[in-house]
Amino acid sequence: MPKAYDPSQTEGPLYQFWLDGGYFKPKIDPDKEPFTIIMPPPNVTGELHLGHALTATLEDCLIRWHRMRGDPTLWLPGLDHAGIATQNVVEKEVAREGLSRHDLGREKFVERVWQWVHKYRSVISHQQARLGASCDWDRELFTMDDGPQRAVRTTFVKLYDEGLIYKGKRIINWCPRCQTALSDLEVDHREQPAHLWYVRYPLLDDAGHTTDEYIVIATTRPETIVADVAVAVNPSLDRWRKIVGRRALLPIIERPIPIVADEAVDPEFGTGALKITPGHDPADFEIGERHGLSTIVAVAPDGTMNAEAGPYEGRERFECRRVIVADLERRGLLEKTEEYHHSIGHCDRCDTIVEPIASEQWFMKMESLARPAIEAVVDGRIQIVPRRFNRVYLNWMENIRDWCISRQLWWGHRIPVWYCRGCGQPTAAVEDPAKCRQCGSPELEQDTDVLDTWFSSALWPHSTLGWPGETADRRYFYPTSVIETGYDIIFFWVARMIMMGLYNMTDVPFRHVYLHGLIRDERGRKMTKSLGNVVDPLVVAEKYGTDALRFALATGGAPGNDFRLSDDKLEGGRNFANKLWNLSRFVITNLEGHEGQVAFPDTGQRSQMCLEDRWIMSRLQRLVTEVDKLLSSFQIGAAGQRLHEFLWSEYADWYVEMAKVRLKAGDSSPLPVLASVLDTSLRLLHPFMPFVTEAVWQNLRQHIAWAEEEALIIASWPRPQPAWPDREAEASAQVVMEVVRAIRNIRADRGVDPGRYVEAYVAADGAGALLDASRPILESLARVRPLHLVTDAASAPRRDVASAVLSEAQVILPLANLIDLEAERARLTKQLQEAEAEVGRVGGKLANEAFRAKAPAAVVAKEEERLTAARSRRDGLKQRLTELN
RNA sequence: GGGCGAUUAGCUCAGUUGGUUAGAGCGUCUCUCUUACACAGAGAAGGUCGGAGGUUCGAGCCCUCCAUCGCCCACCA
């Protein structure tokens, strides 16, 4: 084994080894409960970012853990056609050839998108594989594949037939750049500086002649004046009540419009009068419906003003705003202008300011679909991790509004509705219909719109398992176990999957929702292309190793919290992989020097085992229990940290060093324990760092007699053994380690040459026997020789010594010329102060009758022990100080 | 306008039923190439857990109020 771990040499071949072994495919067993994760399908836009790497890491962690536990484990990968996003990307590509999609035409353009898809489909899968994702590639699906297409159509027709999908004219969000309607969720509202213009609308008399009266109206969007159909006032305002029923003259356009009364007008805002533009404002649209007003749309799909704008026709909407303000001012109709801040909607794909437009679109009625989805979370059939997102989810679901599902795009699932050229009636059907359902005419034309890309995503957990077909996968794997994704798409995706899963399958799509946070850069900024701080996970994996990246991602934070990824964290992951590699190299090198395979340590003969062996086995068993518990409660990061701590601070820093003492003496007895602890640790760590653990284990397995499986990826997950932990061994080892630490501390403090052996006295009454048994360890790890073990500190030298007092023992080092009396006194005094503080604190607590009466007995007993130990230390220190003086 | 989160060591963050002296990684200081690892080892320094009250035998954790930062949702022009 080379001295440093080289991921680039190991990862590729190991992934191939797993693939060849078929380990990623679930073994269906009707008697076992499966574990299933449907992977959030990345967009086929060709950008794999750190969010995908995080998803791949966390899901792979859970998947590998369950696979090792022996559960039939399915991780189903997929890809999303990502409607607008992909269409935009391909449009840009086409633009480089100087063409627009309109130059190509719908059919040719869609063909181009398919070419893109074919190219990137494999690129993305390959990228996932590089991250170690152990998913079942044979089941990989694309949202535009035949199966999911059929699921989309089937669902649409079912909803349509039940009246849950309808076509209607409403105010929708229109992106003039993408030239399509958007759902409310696809609009990003941002507070921005703006103006509030106060415009005079002249009043007409009964005969329709202008008067010198006028009504002042505040607006942020003067360009929409051309589409005004009324003025509404709040009837509670005296100054306006009397003009209700009269007419005003629309400025510039000079169209007479009625003045109506409506409670929806806020009397406190502006002048308490509102211009009504039903074609461009949702509130106005409702007011318009209430008063039977007509709707005028004055903005064309491309964001320019249309013929309704009269003199402004053809002007871009914001240019029109400037011109119209100037015109109003010139005509003396602009009373004043105020600075104003309000939030403006932007297209979340291209950041263009969204135009609210009254438009005929397809909508999904959500309320009845939301109700069972709310129940599923309330009654716990679905559990969200972290739990606080329950409220976020429920709040949104309880106020849900109809979903605009039609998009004026070319790329996506085309709406399965055909219109009859004869009678005009629509026919919705799963299969392309041959004739009109109404009149039987064969002259049909399919709706030109496509569906919101999230429509197919909402069906993903069941459409990927074969629905609407009756498949074995669907029966066995649905409902799935966990959905894991970022909290930013809880509404877009998670909520809709729950609704549609319950609707189509009458059962929840998954039992647990694990929401991860957003990854930010070192300075806490969101990673965006415009900031140029986007990190390519494959570049990172190349530089630090996939395991390093995975470990950094998995242990960097807590569920639902954002976290910053830094080079420091990646280096930490790399260092840990290297530590593990070298640790294993040491163990394996020693095993190689041993004849044949070692047997599993005979823990039945525990009393025959030496202290350090018992200690590490006990600690290992605790580890097994804790890691399993942490993973069961989705505390993946905490489990990873716990493994790091055990392997580095307990196994490597202490046990291996202790084991060396025997090994150097030619005693091979620690080998079984060394090997089995490493084996178990590798199993536990494998879900986090699959490559380095498998690489090491392939080596280790040749030397151990109990390795049954040919690969770590399918090796059995460690189970806690009831015989452990061994509390006595843990406490005893603690004493040994404390003595070693105390001696090292004195040596470092007094500047003793690290290599030099010095004489030492250790006084211990009760712990004498165990210290004697660990004498070689004490001597070697603390570099003391000769080591005098005495029962009473009084029998150790008193002059020219440095000492330390522990609860169970006192350490005395005769250091003659290295002794600095003042420093020694200061050191002991400081320790004494600490001990006395503790005696005071704990003593005070125990003196409190209320504490004794109300605290659990175990807590009280612990405090008693603490007090005894602190007193013993205090008395010892007092004595040492007296002797020093 | 509602809601959520964050505020813990110089930095980045853990800390799920309230119970020892609040932890980790990085960084800092002092030593060491001790034959697994300098991507390392040994030792050390460093925190009134944002502020103020309250509940409790006991609060980083529960309650109330406040402050700063961030996010989400929302048709006040």
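All chains are named by letter (A, B, ...) in the order of the sequence lines, taking the proteins before the strands, and each is independently numbered beginning at 1.
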Remember a base hit wins even if backbone is also touched, and classify [X] as base, sugar-phosphate or nothing at under 4.0 Å, heavy atoms.
{"X": "A/P856", "answer": "base"}
{"X": "A/F634", "answer": "nothing"}
{"X": "A/R852", "answer": "nothing"}
{"X": "A/A558", "answer": "sugar-phosphate"}
{"X": "A/N561", "answer": "sugar-phosphate"}
{"X": "A/D653", "answer": "sugar-phosphate"}
{"X": "A/A837", "answer": "nothing"}
{"X": "A/F576", "answer": "nothing"}
{"X": "A/R841", "answer": "sugar-phosphate"}
{"X": "A/S566", "answer": "nothing"}
{"X": "A/R873", "answer": "base"}
{"X": "A/G751", "answer": "nothing"}
{"X": "A/K854", "answer": "base"}

[X] vs [N]: side-chain N/O to OP1/OP2 distance below 4.0 Å:
{"X": "A/R866", "N": "B/U21", "answer": "yes"}
{"X": "A/R391", "N": "B/G3", "answer": "no"}
{"X": "A/N745", "N": "B/A44", "answer": "yes"}
{"X": "A/R401", "N": "B/C75", "answer": "yes"}
{"X": "A/R747", "N": "B/A42", "answer": "no"}
{"X": "A/H342", "N": "B/A77", "answer": "yes"}
{"X": "A/R388", "N": "B/C4", "answer": "no"}
{"X": "A/Y393", "N": "B/C72", "answer": "no"}

Pairing partner (Watson-Crick or G-U wobble, both distances under 3.5 angstrom) of [N]:
{"N": "B/G18", "value": "none"}
{"N": "B/U12", "value": "B/A24"}
{"N": "B/G5", "value": "B/C69"}
{"N": "B/U55", "value": "none"}
{"N": "B/C76", "value": "none"}

Closest listed nucleotide, where the reference is the side chain of [X] and the choices are [options]:
{"X": "A/P754", "options": "B/C57, B/U32, B/U21", "value": "B/U32"}
{"X": "A/R564", "options": "B/U21, B/U12, B/A74", "value": "B/U12"}
{"X": "A/N395", "options": "B/C73, B/C75, B/C39", "value": "B/C73"}
{"X": "A/K830", "options": "B/C39, B/A77, B/A45", "value": "B/A45"}
{"X": "A/A748", "options": "B/G43, B/A77, B/U20", "value": "B/G43"}
{"X": "A/S343", "options": "B/A74, B/A36, B/A77", "value": "B/A74"}
{"X": "A/V656", "options": "B/C76, B/C75, B/A36", "value": "B/A36"}
{"X": "A/R585", "options": "B/A36, B/A77, B/U12", "value": "B/A36"}
{"X": "A/N582", "options": "B/G43, B/A45, B/A36", "value": "B/A36"}

- Message: So for A/K660 and B/A36, does any side-chain atom that can act as donor or acceptor lie under 3.5 Å from a complementary atom in the base?
- Response: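 Pair found.
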- Message: Quick check: any donor-acceptor pair below 3.5 Å linking the side-chain of A/K3 to the base of B/C37?
- Response: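 No, the side chain and the base share no sub-3.5 Å donor-acceptor pair.
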- Just checking, A/K660 and A/F586: is the charged tip under 6.0 Å from the six-membered ring centre and within 45° of the axis? yes
- A/R170 to A/F285 six-membered ring, cation-pi geometry met (6.0 Å, 45°):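 Judged by the rule, A/R170 and A/F285 form no cation-pi pair.
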- Task: Measure the CG-CG distance between A/L815 and A/D820 for me, rounded to the nearest 0.5 Å.
- Result: 12.0 Å
If the [atom1] atom of [N] is compared with that of [M], how far apart are they to the nearest Å?
{"N": "B/C13", "M": "B/U32", "atom1": "C1'", "value": "31 Å"}
{"N": "B/C66", "M": "B/U30", "atom1": "C1'", "value": "45 Å"}
{"N": "B/C61", "M": "B/A6", "atom1": "C1'", "value": "15 Å"}

Should the pair [X]-[Y] be classified as a salt bridge under the 4.0 Å nitrogen-to-oxygen rule?
{"X": "A/E645", "Y": "A/R642", "result": "yes"}
{"X": "A/R866", "Y": "A/E863", "result": "yes"}
{"X": "A/E838", "Y": "A/R874", "result": "no"}
{"X": "A/R290", "Y": "A/D262", "result": "yes"}

Please report, rounded to the nearest Å, how far the [atom2] atom of [N] is from the [atom1] atom of [X].
{"X": "A/I746", "N": "B/A42", "atom1": "CD1", "atom2": "P", "value": "18 Å"}
{"X": "A/K664", "N": "B/A36", "atom1": "NZ", "atom2": "C1'", "value": "11 Å"}
{"X": "A/I743", "N": "B/U34", "atom1": "CD1", "atom2": "P", "value": "21 Å"}
{"X": "A/N699", "N": "B/A36", "atom1": "CG", "atom2": "C1'", "value": "13 Å"}
{"X": "A/L515", "N": "B/C4", "atom1": "CG", "atom2": "P", "value": "17 Å"}

- Message: For A/R391, give me all partners under salt bridge (Lys or Arg N to Asp or Glu O under 4.0 Å), at least two apart in sequence or on another chain.
- Response: none
- Query: Do the two ring centres, one from A/H644 and one from A/F576, sit under 6.0 Å apart?
  - Reply: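 Yes: the rings meet the under 6.0 Å criterion.
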Between protein and nucleotides 24-29 of chain B, what N or O pairs are separated by less than 3.5 Å?
unit_1, atom_1, unit_2, atom_2, d
B/C26, O2', A/D568, OD2, 3.0

Can I get a per-line list of side-chain donor-acceptor pairs under 3.5 Å for residues 749-757 of chain A, giving both atom names and the distance, sequence neighbours left out?
unit_1, atom_1, unit_2, atom_2, d
A/D749, OD2, A/R827, NE, 3.4
A/R750, NE, A/L818, O, 3.3
A/D753, OD1, A/G755, N, 3.2

- Message: So, applying ring-ring contact (aromatic ring centres under 6.0 Å, His included) with A/F389, which one of A/W396, A/Y487, A/Y514 is it?
- Response: A/Y487
- Is a side-chain donor-acceptor pair under 3.5 Å present for A/T589 with A/E592?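 No, no side-chain donor-acceptor pair sits under 3.5 Å.
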